[in-house]
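Report on the structure given below.
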Amino acid sequence: MAIRFAGILAASFFVMTMLSNAHAAPKIGVASAVQNSVVRVVGAGTQALSVGSDLFSNERIRTGDASTAQILLLDKTSLTIGPRAEITL
């Protein structure tokens with residue numbers, strides 16, 4: 001029983017460490033407009049962006065067909081990304 005608890009505790013610690021490191025880079029802005037398929041690339045997968053999603057340094061953002069995104073950086077710079085594009089912030 002104690003070994004099983006220790007294993008669960010270790011796995012929980014690992015997951016929490018991975019989640020906290022996912023956004024270890026500084027926040028640089030937010031998604032201020034999202035149309036259709038706009039995602040952040042996370043490892044081999046993707047995560048959908050929505051209006052208000054925080055964006056971080058060195059993140060990759062990808063838009064799909066007929067998709068656009070507008071990013072508002074902390075210094076008030078606005079960046080618009082067109083369809084079928086990928087950028088690293």
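- Defined by atom type and a distance below 3.5 Å, a donor-acceptor pair is missing between the side-chain atoms of S67 and Q35.
- By the 4.5 Å heavy-atom criterion applied to side chains, L79 and L72 are not counted as neighbours.
- Considering all non-hydrogen atoms of both residues, V51 and A33 come closest at CG2-CA, 4.0 Å.
- Considering only heavy atoms from C-beta on, R62 comes within 4.5 Å of T46 through its side chain.
- Contact annotation: the side chain of S53 approaches that of R40 to within less than 4.5 Å [non-hydrogen atoms, C-beta and beyond].
- Between the side chain of T63 and the backbone N or O of G82 there is at least one donor-acceptor pair closer than 3.5 Å.
- Note that the NZ atom of K27 and the CG atom of L73 stand 11.5 Å from one another [nearest 0.5 Å].
- Residues I81 and I61 form a side-chain contact, since some pair of their non-hydrogen atoms from C-beta on lies under 4.5 Å apart.
- Counted by atom type alone, Q70 and S78 present one or more donor-acceptor pairs between their side chains at under 3.5 Å.
- Counting only heavy atoms from C-beta outward, the side chains of L55 and V30 never approach each other to under 4.5 Å.
- Counting only distance, with no hydrogens or angles, the side chain of T88 and the backbone of N58 share no donor-acceptor pair below 3.5 Å.
- Side-chain atoms of I28 and S57, non-hydrogen and from C-beta on, do get closer than 4.5 Å to each other.
- Hydrophobic clustering keeps F56 apart from L74 (ILVMFWY residues linked when any side-chain heavy atoms are closer than 4.5 Å, directly or through intermediates).
- Taking each heavy atom of S50 and A31 in turn, the nearest pair found is O-CB, 3.6 Å.
- Contact annotation: the side chain of I71 never approaches that of S32 to less than 4.5 Å [non-hydrogen atoms, C-beta and beyond].
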